[in-house]
Amino acid sequence: MSKFWWQDTIIYQVYLRSFNDSNNDGIGDINGVIERLDYLRDLGVDTLWISPHYDSPMDDNGYDVRDFYKVSPDYGTIEDFKNLLAEAHRRDMKIITDLVLNHTSDEHPWFEAAKDPNHPEHEKYHDFYIWQPPKYDKKGRRMRPTRWKSWFGGPVWEYNEATDEYYLHIFSKKMPDLNWRNETMRKELKAMIQWWIDLGVDGFRVDASNHLEKNWDFPDGHPGYENFSSLPKHHEYLEELGRELFRPHDLLVIGEAGGASREEALQYAGFDTTEFDMLIQFEHCWVDTDDTNTLTPGKWAKGTVDVTRIKKSFAHWLDVFKDNGWNTIYWHNHDQPRIVSHYGDDGAFHEESAKMLLYTLYMLPGTPIVYYGEEIGMTNVDYENLEDFRDVEVFTEYDNFISNGASHETAMQALRDRARDNARTPMQWNSDKYAGFSDVHPWIDVVGNKDSINVERQQSDSESILNQYKRILRLRREANIAHGHAEFYDLNDPQTFNYKITTNTHEFVVLANFKGTPLTMDIPVDLRAYSLYLSNMKTDAKRSEFKPYEARIYIKENN
Ligand code: GLC
Ligand code: CA
């Protein structure tokens with residue numbers, strides 16, 4: 001039934017730095033992942049996506065690569081990495097790694113040569129990056145080439161005195177963008193990718209894959225995102241990688257392209273193109289922004305969750321990839337807040353809402369990506385001080401909020417609600433001082449709720465969030481849900497989340513109250529034909545009253 005192994009897999013994203021610290025230096029590492037492989041196998045996942053493990057000055061936790069061929073000493077050695085591959089493969093598990101192709105670290109030897117006219121290899125490497133001469137205002141003062149804004153908040157241009165030029169960086173200034181029009185540069189990256197394939201990795205998640213091409217006319221504009229996002233030519237580069245590297249091997253390759261249209265998505269990940277196998281696009285990830293907020297604008301402005309947009313997005317993507325490609329389901333990655341804090345309730349209804357979020361997503365067809373800690377309902381941070389945060393993005397944005405007129409407290413609340421650090425805190429294994437992640441103070445603080453929210457505690461409770469995750473992931477395999485057909489009942493209802501899944505053996509109906517207020521539901525099916533399979537609280541299977549966040553899964557055998 002499946003054309004590819006990855007249609008039947010269940011992926012788990014490991015944020016390496018925060019998952020498990022094996023040598024007690026406060027930083028998660030590769031041996032730490034090996035120590036937890038049995039836990040992950042038992043959870044029911046069989047492919048791990050490991051966030052960047054390369055040598056890096058860690059300006060952006062490894063997305064700033066200094067040496068693509070070296071493992072960061074923070075995380076271990078190449079021997080440890082080979083060992084991870086072997087230990088995973090021995091358990092019938094696969095490892096996919098992050099592939100960062102849009103930029104390097106400014107400490108990468110290529111950039112060191114590119115920025116320095118006296119470097120012996122300056123000529124070769126200068127053109128590996130994107131340079132523009134300064135502009136001058138009427139008073140002769142030096143100006144940036146354009147007013148384009150970086151994804152992390154500041155300008156995209158950084159001045160380099162030695163060449164009297166600016167280089168482009170669409171993320172941090174320590175992450176200069178690579179020039180994909182340069183064929184020698186592409187050759188070097190392709191050799192690097194081949195090297196990791198030969199080492200035995202099972203696939204890649206291609207970072208920032210829709211940004212590889214830029215508008216080389218450099219028109220002015222603010223924020224100017226259209227000049228470095230989804231330009232048609234980037235497909236040529238991806239298609240070249242697919243043809244030469246990805247397709248000839250039996251890999252899983254996942255692209256990252258925020259805001260992709262239907263046509264674009266099919267071009268990336270349709271069955272008959274040669275770019276990716278799956279796509280991450282984030283459409284459902286920020287359906288609670290408050291567009292009237294000018295103090296902490298954009299993704300930072302927390303508003304009310306628009307449930308209709310989540311359902312419509314899920315329905316849309318199922319439709320896009322129906323027959324022509326393959327759907328991917330996930331609540332979020334390492335760049336968005338924790339889902340239970342974001343779309344659920346991390347207070348009074350923590351457990352109920354975490355399970356509701358489990359049922360509403362993971363009964364859908366496609367390949368799931370579970371984010372580490374989600375399986376126990378880990379929450380956003382409770383940090384009091386700006387210094388508790390670690391993400392490079394936080395500090396530029398904090399300054400922006402203050403200059404927009406926000407108070408310190410308003411700015412801090414926006415960070416606690418929306419910063420990427422929310423999803424990067426140490427995995428809560430038990431209630432020890434550092435949550436069993438490490439014996440020493442970790443690189444980023446543990447969230448204060450580790451005594452009540454941790455793996456050890458949930459393992460011994462058969463109805464815990466963790467054990468319900470296990471149950472649903474097992475059910476996905478037994479009932480072949482990945483290949484099922486989904487039908488939503490209530491796309492326009494602002495509170496319910498109701499759908500039916502038909503597989504070759506079963507029919508399932510999910511009925512859920514997505515909000516923290518009670519609800520009398522207009523039940524869309526005749527419940528007498530079904531039995532209750534799972535619920536997130538004690539309930540009467542036939543009742544049409546739903547308590548806050550109440551959710552149920554019903555089952556019927558197909559004859
Ligand atoms: C992607 C990553 C993000 C990183 C950025 C730059 O969006 O998911 O974490 O900061 O690319 O590499
Ligand atoms: Ca360590």
Side-chain angles (χ1 to χ4, degrees), residues 13-36 49-54 56-66 68 71-77 80 84 97-106 108 150-153 156 168-178 204-212 225 228-230 254-260 279-282 285-286 299 330 332-337 369 371 390-397 419-424 426-427 434 436-444:
Q13 184 187 351
V14 175
Y15 198 69
L16 195 49
R17 212 170 177 73
S18 306
F19 191 61
N20 191 31
D21 176 16
S22 71
N23 62 348
N24 293 310
D25 63 354
I27 301 174
D29 45 54
I30 292 171
N31 285 330
V33 180
I34 298 175
E35 286 176 3
R36 301 295 181 174
W49 153 18
I50 311 278
S51 57
H53 60 286
Y54 313 97
S56 161
M58 299 291 166
D59 183 55
D60 187 22
N61 291 351
Y63 283 97
D64 48 321
V65 180
R66 181 164 49 201
F68 287 108
V71 171
S72 163
D74 282 0
Y75 300 142
T77 63
D80 297 337
L84 170 64
T97 58
D98 235 293
L99 199 53
V100 191
L101 304 176
N102 179 69
H103 43 265
T104 65
S105 163
D106 65 341
H108 192 288
S150 111
W151 295 113
F152 290 169
V156 299
L168 181 86
H169 62 87
I170 68 169
F171 296 97
S172 106
K173 66 172 182 236
K174 281 188 67 63
M175 296 153 79
D177 280 58
L178 286 163
F204 302 104
R205 174 267 192 184
V206 184
D207 183 67
S209 48
N210 59 332
H211 300 300
L212 305 184
Y225 299 145
F228 46 88
S229 307
S230 302
I254 307 175
E256 188 201 30
L279 189 70
I280 290 175
Q281 40 68 27
F282 307 118
C285 293
W286 297 103
K299 78 161 186 184
Y330 48 92
H332 66 95
N333 309 142
H334 57 290
D335 296 327
Q336 297 88 25
I369 306 177
Y371 188 64
R390 293 287 174 273
D391 188 6
V392 47
E393 170 191 73
V394 157
F395 303 97
T396 34
E397 294 289 8
R420 306 193 301 177
D421 282 334
N422 284 303
R424 301 175 177 187
M427 177 70 175
Y434 301 117
F437 164 77
S438 180
D439 288 349
V440 303
H441 199 133
W443 70 277
I444 187 169

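Remember, it's 1-based here, ligands and their atoms both numbered in the order they're listed.
The main-chain N or O of H334 is found under 3.5 Å from a side-chain atom of R424 such that the two form a donor-acceptor pair. For E393 (side chain) and F152 (main-chain N/O), no donor-acceptor pair under 3.5 Å exists by modelled atom type.
Every heavy atom of H211 sits 4.0 Å or more from the atoms of ligand 1. Residue contact annotation: R205 has a non-hydrogen atom under 4.0 Å from ligand 1. Ligand 1 is approached by R420 to a heavy-atom distance shorter than 4.0 Å. For F152, the closest heavy-atom approach to ligand 1 falls below 4.0 Å.
What sits closest to atom 7 (O) of ligand 1 on the protein, heavy atoms only, is E256 OE2, 3.1 Å. Counting protein heavy atoms only, atom 10 (O) of ligand 1 is closest to D60 OD2, 2.5 Å. Protein heavy atom nearest atom 8 (O) of ligand 1, with residue, atom name and distance: D335 OD2, 2.5 Å. Of the protein's non-hydrogen atoms, the one nearest atom 5 (C) of ligand 1 is F171 CE2, 3.6 Å.
Geometry note: the Ca ion (ligand 2) is the vertex, N23 OD1 and D29 OD2 are the arms, and the angle is 90° (rounded to 10 degrees).
Between H108 and F68, the distance separating the two ring centers is shorter than 6.0 angstrom. Aromatic rings of H332 and Y371 (six-membered ring for Trp) have centroids within the 6.0 Å cut-off, being under it.
A side-chain donor-acceptor contact under 3.5 Å links N61 and Y15. With no hydrogens or angles considered, a side-chain donor-acceptor pair links D64 and S56 at under 3.5 Å. If you check the side chains of D59 and S172, you find a donor sitting under 3.5 Å from an acceptor.
Looking at every heavy atom in both residues, G32 comes nearest to N20 through O-ND2, 2.9 Å. Minimum interatomic distance between Y75 and I27 (heavy atoms only, all atoms of both residues): CE2-CG2, 3.8 Å. The shortest heavy-atom contact between Y54 and T97 is OH-OG1, 4.0 Å.
Among the backbone and side-chain atoms of I27, an N, O or S atom lies under 3.0 Å from the Ca ion (ligand 2).
In this structure, of D98, D207, D391, the residue bringing a heavy atom nearest to atom 12 (O) of ligand 1 is D207.
For ligand 1, none of its N or O atoms has an N or O atom of Y63 under 3.5 Å away.
Residue Q336 does not touch ligand 1, judged by heavy-atom distances below 4.0 Å.
Taking the N/O/S atoms of D25 in turn, the shortest distance to the Ca ion (ligand 2) belongs to OD1. The atom of D21 nearest to the Ca ion (ligand 2) is OD1, with the search restricted to N, O or S atoms.
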